[in-house]
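One structure is given here, and the rest of the page talks about it.
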Protein chains: 2
Amino acid sequence: MAKRPELSKGELTVARAVWRLEAGTVGAIHQEVSRSSEMDYSTVQTYLRRLETKGYLRTRRDGRNKIYSAKVGAGQVIRHTVRDLVQRLFDGEVVAMVNHLVRDHKLNRTEIQQLQELLTELEGKVDES
Amino acid sequence: MAKRPELSKGELTVARAVWRLEAGTVGAIHQEVSRSSEMDYSTVQTYLRRLETKGYLRTRRDGRNKIYSAKVGAGQVIRHTVRDLVQRLFDGEVVAMVNHLVRDHKLNRTEIQQLQELLTELEGKVDES
DNA sequence: TTCGTATAGGTACATCTGTACGTAATTGTA
DNA sequence: TACAATTACGTACAGATGTACCTATACGAA
């Protein structure tokens, strides 16, 4: 497993846009990023270059254009990031993190039920080994 | 609400030690930090200075010694940090985050039950307004 | 064919972060 | 009392990060 440098906040924002688009030129990705943040075209470009250097994105050429696409998927990055935070804030105690989440963010009845169903589902699959 | 610069990873490590100790000299905090990480005394000292500058810690004098203690509590920082991550990774969708957490980290039966009880408790308190 | 607009690629630069060293003063101990 | 250890405080410095500008080129529209 290649040990890649971590993503900074800005890099993550841009990476998320790439994941959503699957693939695109700097322009397209800049547009996608702009739907939620304001970030200069050049800034997006810089992040894309850095993301490629760090091994998170790859590029292919389409005539004179460069098409960026993901090399490392969202899932992997999210897993890593979340695990890291759980470690650093809750000493790796997932339950403590979930506890914090559901208490801090008021959930409505529907959300609570969704989570209850999720837990029931998991209960059936516990690996008791 | 004072808008403080965010904590970096290293700063957070040291801040956590201060929270655990409530208060202490650089030496004491260094020792506490050392229980989990290896970090040079001077490095801890630097982080403490920066934490004070950023407004997260305060100091009082005890003779020739400086006693560091928290000015911003663990709860506040954790809340901020978690909210920020939920925002950046899941567009603020807490349920998505919890979903990810419980699926990625295998929970055992006891943990699942703990969470179920937690949800049942919250269900009784939903603010339906 | 000319001109505006994307694009690529290079470069810049202040600030933040991780990680420490050096020096001076103080204090407990041999 | 002299020395070792502790502490405070100033300073250092490379690499990461946020944020962008500049220049050259290619492409589509007029």
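Chain letters run A, B, ... following the sequence lines, proteins first and then strands; every chain starts at 1.
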(message) To the closest 0.5 Å, what do you measure between CG (A:Asn99) and CE (A:Met97)?
(response) 11.5 Å
(request) Apply side-chain hydrogen bond (donor to acceptor under 3.5 Å, both in side chains) to B:Arg61 and B:Asn65, showing your working. (result) CA-CA 6 Å; B:Arg61 238 154 206 314; B:Asn65 289 2; over 6 Å; no
(request) Would you kindly give the NE2-to-P distance between A:His30 and C:dT7, to the nearest whole Å? (result) 11 Å
(request) Take the protein atom CG of B:Asp40 and the nucleotide atom P of D:dT6, then report the distance between them rounded to whole Å. (result) 13 Å
(request) Please state how far atom NZ in A:Lys9 lies from atom C1' in D:dT17, giving the value in whole angstrom units. (result) 12 Å
(message) Which residues in residues 41-63 of chain A have a heavy atom closer than 4.0 Å to any atom of DNA chain D?
(response) A:Ser42, A:Thr43, A:Thr46, A:Tyr47, A:Arg50, A:Lys54
(message) According to a hydrophobic-cluster definition based on side-chain heavy atoms being under 4.5 Å apart (Ile, Leu, Val, Met, Phe, Trp, Tyr only), do A:Leu101 and B:Leu85 belong together?
(response) yes
(request) Specify whether A:His100 and A:Phe90 have parallel, tilted or perpendicular ring planes, treating 30° as the upper limit for parallel and 60° as the lower limit for perpendicular. (result) tilted
(message) Regarding C:dA6, can its base be found pairing with the side chain of A:Arg64 as donor and acceptor, where the two atoms are less than 3.5 Å apart?
(response) yes
(message) Main chain of B:Gln114, side chain of B:Glu117: is a donor-acceptor contact present, judged purely on distance under 3.5 Å?
(response) no
(message) Please identify which of these residues, A:His80, A:Arg88, A:Gln87, meets the side chain to side chain donor-acceptor pair (under 3.5 Å) condition with A:Asp84.
(response) A:Arg88
(message) Measure CZ/B:Arg4 against P/C:dC16 and give the value in whole Å, please.
(response) 16 Å
(request) Give the rounded distance in Å between these two atoms: CE of B:Met39 and P of C:dA20. (result) 9 Å
(message) Rounded to whole Å, please give me the gap between NZ in B:Lys66 and C1' in C:dT26.
(response) 16 Å
